Chemist: 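Provided herewith is a single structure, encoded as C-alpha cells, for subsequent inquiry.
Keep in mind that the numbers below use all heavy atoms, side chains included, and drop hydrogens, waters and symmetry copies. In this text the structure is predicted, and so the values were computed from the model without any measurement.
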Amino acid sequence: MNAWDRALKALATEIEPLDFNTWIKPIVFVGQKDDSIHLEVPSPTFKERVENSFGEKIIRALQQVSHITNVVFFVRIVSEKKAPIENFSPVSAPPAETGLNSRYTFDKFVVGASNQFAHAAAMAVSKSPGQSYNPLFIYGGVGLGKTHLLNAIGNHIHQTYAGLNVILMPSVSFMNEFINAMQKERIPEFRMKFRSVDVLLIDDIQYIAGKGKTSQEFFFAFNHLHDRRKQIVISSDSAPKDIRDLEERLHSRFEWGLVADIRPPDLETKIAILKRKANIDNIDLNDDVALFVASKIKSNIRELEGALTRLAAFASLKGVEISMALTKEVLRDFINLEEKVITVELIQKVVAEEYSLRITELKSKNNAQKIAFPRQVAMYISKELTEDSLPEIGKAFSGKHHSTVIYSIAKIEALRKSDPEFNKQINSIIERFR
C-alpha cells in the first residue's frame with residue numbers, strides 16, 4: 001500500500017463525505033520520490049480547489065503515515081480526439097431517438113451567480129464525458145434550468161463525439177418503459193437499451209424514489225454504466241440526501257461524483273435572461289420593461305420567459321411596440337402588480353417549498369433536523385418581514401414558546417454571518433417576497 005492509499009484513510013475521517021467523494025477520491029497516485037509525492041487530478045480548476053481547500057489536510061495526513069513533506073499535483077492530459085475511443089465502447093447503431101431537445105444548448109443558457117457552478121460542471125462533463133464528474137447530480141427548484149443543462153450536455157456530446165449513444169429522459173419515462181417491459185416480458189431488451197448507452201441523462205430522478213422495482217432496476221443500470229466509465233447525469237428538485245424515500249444505496253451513489261445546485265436567479269440574471277430570449281426571438285424589449293418584468297416575476301425562469309412570450313404575442317397582434325402601459329395591461333393576471341401582503345402563512349408556504357416539505361410538517365411538533373431547521377428559517381424570516389410579535393409567530397408554529405422563536409432567530413442570524421452560502425440562500429428566499 002503506497003503513502004497516498006494510507007493517507008486516504010485519515011482524510012476520510014477528517015473531511016466531510018460529500019467533499020471527500022467529490023474532491024479527494026478522484027485524485028490518482030502517480031508515484032513518489034524522496035520526500036515528494038506526485039498526484040494526478042482531472043483539471044486545472046480541480047487542482048486549484050484541492051490545493052486551496054484541502055492542501056494542508058493532505059500534507060498532514062501524508063506526514064502521519066510517511067516522510068512525505070511535499071505534494072506535486074499533475075493535471076490529467078486528455079486528448080479529446082482519443083477520449084471516445086479510449087474511454088467508451090460505442091454501440092454500433094446508436095438510436096435515432098435521443099430524447100434531446102436541440103433548442104437547449106450552452107450558448108442559450110444565461111450564466112449568473114445562482115447557476116455558475118452547475119454550468120461549469122455541465123460544460124466540463126460535455127467536453128470530457130466519463131472522465132471528470134461521474135455522476136454529475138444537478139438539483140434545484142422548478143423552472144430554474146436543470147432540464148436546459150441536461151439537454152445542453154447531451155447536445156454537445158452528440159455533436160462532438162460522433163457515434164456515442166446518448167439518451168435523455170425523465171425518470172417517469174424510465175419507470176413507464178420498465179413497467180411496459182415487465183408487462184410484455186421484455187426485460188432483457190429493456191436492460192440492453194439502458195446498459196448499452198454511453199451517456200445517460202435522467203431528469204427529475206425524485207419521481208422513482210419509493211418505487212421499489214424501478215429504483216432497483218435503475219440501481220443496476222447505474223452500477224453497470226458507472227463501472228464502465230459511461231457518463232451519468234441526473235437532475236432532481238432536491239439534493240440526494242433530501243429526496244424522501246430514496247434508497248440509501250442510490251443516495252450514496254449519487255454523491256460519488258459532483259453535486260451542484262441551481263438557485264433562483266437574482267434580478268440581474270433575470271434581466272439578462274429576458275434580454276437573451278428577446279434577442280433570440282427578435283423581440284424589441286427596452287430596459288425599463290425588462291426591469292419591470294424581472295422584478296415582478298420571482299418564481300422561476302420558465303414563468304419569466306412565458307411572460308415575455310405572452311407580451312410579444314399581444315404586441316404583434318395589436319401591431320404596437322412593447323411599452324410599459326401594454327406590459328401592465330397584458331400581464332395584469334400573470335403577475336401581481338400590487339404590493340404583496342406578507343404573512344407568516346405565506347412565509348411558511350415559501351419555506352416549505354424551498355425545503356421540499358409540506359406546510360403541515362413545518363407547523364408540526366416534529367423536531368427532526370430536516371423539519372426543525374426549515375422551521376427556524378421560517379421563524380427568522382417571519383420576524384424579518386412581518387409585524388407579528390414573537391408570541392404570535394410561535395403560535396403560528398403549533399404554539400411554540402416565544403423563547404423558541406428567539407433561539408431560532410439567533411441561530412439563523414449567526415449562520416448567516418458565518419456561512420456565506422447559507423446567507424445567499426436566505427437572501428434568495430427573502431427576495432421572493434419583494
Chemist: Spell out, as yes or no, whether a donor-acceptor pair under 3.5 Å connects the side chain of Asp227 to the backbone of His224.
Modeler: no
Chemist: Going by atom types only, do Ser235 and Asp203 share a side-chain donor-acceptor pair under 3.5 Å?
Modeler: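 Note: Ser235 and Asp203 side chains meet the donor-acceptor criterion.
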Chemist: What's the shortest heavy-atom distance between Ser215 and Gly210, and which atoms?
Modeler: OG-N, 4.3 Å
Chemist: If the plane angle is over 60° it's perpendicular, under 30° parallel, otherwise tilted; pick one for His156 and Phe106.
Modeler: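 Rings of His156 and Phe106: perpendicular, as their planes differ by over 60°.
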Chemist: Pick from Leu304, Leu308, Leu285: which one makes a side-chain contact (heavy atoms from CB on, under 4.5 Å) with Val293?
Modeler: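 Exactly one pass, corresponding to Leu304.
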Chemist: Please tell me whether Phe254 and Tyr139 form a close aromatic pair, meaning their ring centres lie under 6.0 Å apart.
Modeler: no
Chemist: Flag yes if more than 12 heavy atoms outside Glu321 fall under 6.0 Å of its CD atom; otherwise flag no.
Modeler: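 No - once you tally the heavy atoms of other residues, nucleotides and ligands closer than 6.0 Å, there are 12 at most.
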Chemist: Rounded to the nearest 0.5 Å, what's the gap from CE on Met175 to CD1 on Ile208? Could you check?
Modeler: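 So the gap between those two atoms works out to 9.0 Å.
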Chemist: What heavy-atom pair brings Ile262 and Ala118 nearest, and what distance separates the two atoms?
Modeler: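 The pair with the smallest heavy-atom distance is CG1-CB, 3.7 Å.
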Chemist: Report yes if some heavy atom in the side chain of Pro265 is under 4.5 Å from a heavy atom in the side chain of Leu144; otherwise report no.
Modeler: yes
Chemist: Please give me the minimum heavy-atom distance between Thr98 and His158, naming the atom from each residue.
Modeler: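 Taking every non-hydrogen atom into account, CG2-CE1, 3.9 Å.
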Chemist: Should the heavy atoms of other residues, nucleotides or ligands under 6.0 Å from CD of Glu387 be counted, would the total exceed 12?
Modeler: no
Chemist: Can you tell me how far the CD1 atom of Ile430 sits from the CD atom of Gln425, to the nearest 0.5 Å?
Modeler: 11.0 Å
Chemist: Once you round to the nearest 0.5 Å, how far does CG of Leu291 lie from CD1 of Ile271?
Modeler: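 Rounded to the nearest 0.5 Å, the CG-CD1 separation comes out at 5.0 Å.
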Chemist: Show your reasoning for whether side-chain contact (heavy atoms from CB on, under 4.5 Å) applies to Ser295 and Leu267.
Modeler: CA-CA 6 Å; Ser295 64; Leu267 182 62; 4.1 Å; yes
Chemist: Is it the case that more than 12 heavy atoms not belonging to Tyr407 sit under 6.0 Å from its OH atom?
Modeler: no
Chemist: Looking at Phe219, I'd like to know if the NZ or CZ of Arg249 sits under 6.0 Å from its six-membered ring centre while staying within 45 degrees of the ring's axis.
Modeler: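 Pair Arg249/Phe219 counts as cation-pi.
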Chemist: Taking NZ, NE, NH1 and NH2 as the nitrogens, is one of them in Glu353 or Lys349 under 4.0 Å from a carboxylate oxygen of the other?
Modeler: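 So Glu353 pairs with Lys349 through a salt bridge.
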Chemist: Salt bridge check, Glu421 against Lys424: does any charged N sit closer than 4.0 Å to a carboxylate O?
Modeler: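 Judged by the 4.0 Å cut-off on N to carboxylate O distance, Lys424 and Glu421 do form a salt bridge.
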Chemist: Take Lys275 and Asp287, measure what salt bridge (Lys or Arg N to Asp or Glu O under 4.0 Å) needs, and give me the verdict at the end.
Modeler: CA-CA 9 Å; Lys275 287 287 191 179; Asp287 292 341; 2.6 Å; yes
Chemist: Surrounding OH of Tyr104 (heavy atoms of other residues, nucleotides or ligands, distance under 6.0 Å), is the total greater than 12?
Modeler: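 No.
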Chemist: Taking atom CE of Met324 as the centre, report whether more than 12 heavy atoms of other residues, nucleotides or ligands fall under 6.0 Å from it.
Modeler: yes
Chemist: side-chain contact (heavy atoms from CB on, under 4.5 Å) for Ser382 and Asp388? Distances and angles first, verdict last.
Modeler: CA-CA 8 Å; Ser382 296; Asp388 289 17; over 6 Å; no
Chemist: How long is the span from the CD1 atom in Ile426 to the CD1 atom in Ile429, to the nearest 0.5 Å?
Modeler: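 CD1 of Ile429 is found 4.5 Å from CD1 of Ile426.
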Chemist: Is the closest side-chain heavy-atom distance between Tyr207 and Asp237 below 4.5 Å?
Modeler: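 They are not in side-chain contact.
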Chemist: Ring centroids only, cut at 6.0 angstrom: are Phe174 and Phe190 within range, meaning strictly under it?
Modeler: yes
Chemist: Please report the C-alpha distance between Trp256 and Asn134 in whole Å, then the side-chain angles of each, then the deciding distance to 0.1 Å, and finally whether the side-chain contact (heavy atoms from CB on, under 4.5 Å) criterion is met.
Modeler: CA-CA 7 Å; Trp256 276 357; Asn134 197 21; over 6 Å; no
Chemist: Is it the case that Arg416 and Asn427 place a side-chain donor and acceptor less than 3.5 Å from each other?
Modeler: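 Note: Arg416 and Asn427 side chains meet the donor-acceptor criterion.
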Chemist: May I ask you to say whether Glu217 pairs ionically with Arg195, meaning some side-chain N is under 4.0 Å from a carboxylate O?
Modeler: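 Salt bridge present between Glu217 and Arg195.
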Chemist: Side chains of Phe314 and Glu329: closer than 4.5 Å at any heavy-atom pair?
Modeler: no
Chemist: Supply the atom-to-atom distance Lys47 NZ to Asn52 CG, rounded to the nearest 0.5 angstrom.
Modeler: 9.5 Å
Chemist: Does the Arg375 side chain pair with the main chain of Asn366, one donor and one acceptor, at a distance under 3.5 Å?
Modeler: yes
Chemist: With a 4.5 Å cut-off on side-chain heavy atoms, are Phe292 and Asp288 touching?
Modeler: no
Chemist: Of all the heavy-atom pairs spanning Leu201 and Gly154, show the shortest one and how long it is.
Modeler: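 Heavy atoms of Leu201 and Gly154 come nearest at CD1-CA, 3.9 Å.
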Chemist: Examine distances only and state if a side-chain atom of Ser418 and a backbone atom of Ala414 form a donor-acceptor pair shorter than 3.5 Å.
Modeler: yes
Chemist: For Lys9, is the NZ atom crowded, meaning more than 12 foreign heavy atoms sit under 6.0 Å from it?
Modeler: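 Check fails, neighbour count at 12 or below.
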Chemist: What I want to check is whether the side chains of Asn176 and Ser173 have a donor and an acceptor closer together than 3.5 Å.
Modeler: no
Chemist: Report yes if some heavy atom in the side chain of Ser171 is under 4.5 Å from a heavy atom in the side chain of Gln206; otherwise report no.
Modeler: no
Chemist: Taking Asn155 for its side chain and Asn151 for its backbone only, find out whether a donor-acceptor pair lies under 3.5 Å.
Modeler: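 Yes, because the side chain of Asn155 sits within donor-acceptor range (under 3.5 Å) of the backbone of Asn151.
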Chemist: Quick check against the 3.5 Å criterion: does Thr13 have a side-chain atom that pairs as donor or acceptor with the backbone of Ala10?
Modeler: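 Yes: the side chain of Thr13 pairs with the backbone of Ala10.
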Chemist: Distance check, rounded to the nearest 0.5 Å: Thr269 atom OG1 versus Leu274 atom CG?
Modeler: 11.0 Å
Chemist: Under a 4.5 Å cut-off applied to non-hydrogen side-chain atoms, are Phe109 and Leu149 in contact?
Modeler: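 In contact.
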Chemist: Would the distance check show the side chain of Thr386 and the main-chain N or O of Thr343 forming a donor-acceptor pair, the cut-off being under 3.5 Å?
Modeler: no
Chemist: If you take all heavy atoms of Ile243 and Ala209, which pair is closest and at what distance?
Modeler: CG2-CB, 3.8 Å
Chemist: Using modelled atom types and a 3.5 Å cut-off, is there a donor and acceptor pairing between side-chain atoms of Gln231 and backbone atoms of Tyr133?
Modeler: yes
Chemist: For Glu14, I'd like to know if atom CD has over 12 heavy atoms of other residues, nucleotides or ligands within 6.0 Å.
Modeler: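 Above 12, so yes.
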Chemist: For Phe194, look at atom CZ and say whether over 12 heavy atoms of other residues, nucleotides or ligands are found less than 6.0 Å away.
Modeler: yes
Chemist: Compare all side-chain heavy atoms of Met169 with those of Ile202 and state whether any distance is below 4.5 angstrom.
Modeler: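 A side-chain contact exists here, since the closest heavy-atom pair is under 4.5 Å.
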Chemist: Can any side-chain N or O of Lys230 pair as donor or acceptor with the backbone N or O of Leu225 at less than 3.5 Å?
Modeler: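 Checking the backbone N and O of Leu225 against the side chain of Lys230, no donor-acceptor pair under 3.5 Å is found.
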Chemist: State whether Arg263 and Glu354 are salt-bridged, where the test is any N-O pair (Lys NZ or Arg NE/NH1/NH2 against Asp/Glu carboxylate O) under 4.0 Å.
Modeler: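 Here Arg263 pairs with Glu354 in a salt bridge, since their nearest N and O are under 4.0 Å apart.
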Chemist: Grab the two heavy atoms, one from Tyr161 and one from Ser126, that are nearest each other, plus how far apart they are.
Modeler: CE1-O, 3.8 Å
Chemist: Does the Asn423 side chain pair with the main chain of Lys417, one donor and one acceptor, at a distance under 3.5 Å?
Modeler: no
Chemist: Does the pair Val350 and Ile381 meet the rule for a side-chain contact (heavy atoms from CB on, under 4.5 Å), with working shown?
Modeler: CA-CA 11 Å; Val350 170; Ile381 295 176; over 6 Å; no
Chemist: Indicate yes or no for a side-chain donor-acceptor contact from Lys146 to the backbone of Gly140 under 3.5 Å, with no hydrogens or angles considered.
Modeler: yes
Chemist: Given side chains that start at C-beta, do those of Phe422 and Ile412 come closer than 4.5 Å, heavy atoms only?
Modeler: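 Yes; the side chains approach each other to less than 4.5 Å.
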